Trainee: 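Just dropping this structure here.
Small disclaimer: the values here were computed from a predicted structure and weren't measured.
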Protein chains: 2
Amino acid sequence: MTESRRKFRREGEAQRQGDLIAAALDLIAEGGPQAATVRAIADRAGVTPGLIRHYFHRKEDLIAAAYSAFAEQMTADHRTMLEGAGPDPLARLSRYVDRALRPPLTDPRQVALWAGFLHLVQSDPEMRAVHRTAYSAFREELRLLIEAAFAAEGRTADAARLRVEATACNALIDGLWLEGLVLSEEFTEAELARLGVAKIGALLDLPLERYLEE
Amino acid sequence: MTESRRKFRREGEAQRQGDLIAAALDLIAEGGPQAATVRAIADRAGVTPGLIRHYFHRKEDLIAAAYSAFAEQMTADHRTMLEGAGPDPLARLSRYVDRALRPPLTDPRQVALWAGFLHLVQSDPEMRAVHRTAYSAFREELRLLIEAAFAAEGRTADAARLRVEATACNALIDGLWLEGLVLSEEFTEAELARLGVAKIGALLDLPLERYLEE
DNA sequence: CGGATAATTCTGCAAGCGTATAATTGTCGG
DNA sequence: CCGACAATTATACGCTTGCAGAATTATCCG
């Protein structure tokens, strides 16, 4: 008799927002921003479209929140990269490069998300700010690692030199990260990471390979 | 009296297809695939939407043609990079890297297009084939340049070694290309190119800097 | 100069989009 | 166990989208 209305469970705000953000990120990673429609996001999150507007004023707000979550996840991944690493500067640098070229960071999904957000980041000033903050954190961390490694070898470098070295290293890591997407069938993840450590060593003239674990 | 109908000029098939493709690329570069609607493309090309269907069966076909044009333009740009270069292998390699890190290849538009097409390329097998062809051409050219440069220095390298070196060099170039987008305010184009040549030299242990022009 | 032809415009449609709001219903405190 | 209230669903609206086909008109050829 009663037209059956869909059953549901009430969830907290944090939970539902998280689900919706996760759903949006999934869809953007799979099919780009165009795939992340209100209906598709709601469907993936297991709710009805109207709920999105209950938690986010406009769809654009949800997408912005999703980008923030993406950036935060990446910085969090970076932060754990040096966990449990010893004090030896060269070992730390080696480990950093190694970790940067393994999952989860080399997951094709990450590249897909990065590409999917590119235009949004460029057009929206607020998202652009989030991007710049996250990005310069990576560069700064790498710069410090390089500076410490140089110091451990008794080498000194002024700020300009360090900036150049960090830029080149960052570029090589990013490039290999990109390459990983294209060459995923040709290189195993261990190979990619090993290659990265070796080549960063060559770039900086540091014996990093010696510090490769296992 | 007569309801004024829009005036138009008849153009050849090649001309109109080219206009439509150019319009689509413009829009994708500016706002991603979502910005390239049938109406927006027609508007930018100075025609009415119906005409698109006269030249392309579906919108998807136009987008695929646009991607092919993009890939072709990039390979054409690469081909001209070594034009007028002398026979000296190290000079050729140096020039190649230098040119790869200057406009037109470092135009932010190129990165935006690359990102915009990423999802389409991954989902459509035909576009994926176009991508692989273009991409492996770049890698092969770089591999040959490296092999020749090694030979000129009296060094030999087996195929596996060359593949690794080419991958690393390609990654560094791609990474700097990407970096150029983010750091365009921080680095002049000449700086980026010079940095690239120096660091490729460090990667391969070749004195490339000596061959920098002017 | 006139008629044929195909390039182009015009109009319309069904589906999907984001948004708005009213109607329900799960949940929790008393 | 019940009433209140917010979480959730349902429905609807206006706009845009890609696509289709009919109506025009520029151009070319005899």
Trainee: Do Leu105(B) and Arg99(B) have side-chain heavy atoms sitting under 4.5 Å apart?
Mentor: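 SC-SC contact between Leu105(B) and Arg99(B) ruled out.
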Trainee: With respect to the side chain of Arg58(B), which nucleotide from dC19(D), dT19(C), dT5(C) is positioned closest?
Mentor: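 Nearest to the side chain of Arg58(B) among the choices is dC19(D).
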Trainee: Can you see if the side chain of Arg53(A) gets near the phosphate of dA20(C) - specifically, an N or O under 4.0 Å from OP1 or OP2?
Mentor: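 Indeed, a polar side-chain atom of Arg53(A) lies that close.
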Trainee: Assuming nearest nucleotide by heavy-atom distance, tell me which of Glu60(B) and Glu11(A) is located more 5' along DNA chain D.
Mentor: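 The residue mapped nearer the 5' terminus is Glu11(A).
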Trainee: Return no unless some side-chain N or O of His54(B) is found under 4.0 Å from OP1 or OP2 of dT8(C).
Mentor: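 For dT8(C), neither OP1 nor OP2 has a side-chain N or O of His54(B) closer than 4.0 Å.
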Trainee: Let me know, please, whether Phe8(B) or Arg6(A) comes out on the 5' side of the other along DNA chain D by nearest nucleotide.
Mentor: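 It is Arg6(A) whose nearest nucleotide is closer to the 5' end.
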Trainee: Below 3.5 Å, does any donor atom in the side chain of Arg5(A) face an acceptor in the base of dT9(D), or the other way round?
Mentor: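 Such a pair exists between side chain and base.
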Trainee: For Phe138(B), does the six-membered ring have the charged nitrogen or CZ of Arg143(B) within the cation-pi criterion, i.e. under 6.0 angstrom from the centroid and within 45° of the normal?
Mentor: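 No, Arg143(B) and Phe138(B) do not form such a contact.
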Trainee: Between Tyr55(A) and dT8(D), does any side-chain N or O lie under 4.0 Å from OP1 or OP2?
Mentor: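 So the side-chain polar atoms of Tyr55(A) do come within 4.0 Å of the phosphate oxygens OP1 or OP2 of dT8(D), strictly under.
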Trainee: How about Glu11(B): does its CD atom have over 12 heavy atoms from other parts shown lying under 6.0 Å from it?
Mentor: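 For Glu11(B), atom CD is crowded (more than 12 foreign heavy atoms under 6.0 Å).
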Trainee: Pull out every residue in residues 26-49 of chain A that has a heavy atom closer than 4.0 Å to any atom of DNA chain D, ordered by number, or say none.
Mentor: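 Those residues whose heavy atoms fall under 4.0 Å from DNA chain D, taken from residues 26-49 of chain A in numerical order, are Val47(A), Thr48(A).
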Trainee: So, does Arg16(B) get its side chain near the phosphate of dA7(C), meaning an N or O under 4.0 Å from OP1 or OP2?
Mentor: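 Negative; the distance criterion is not met.
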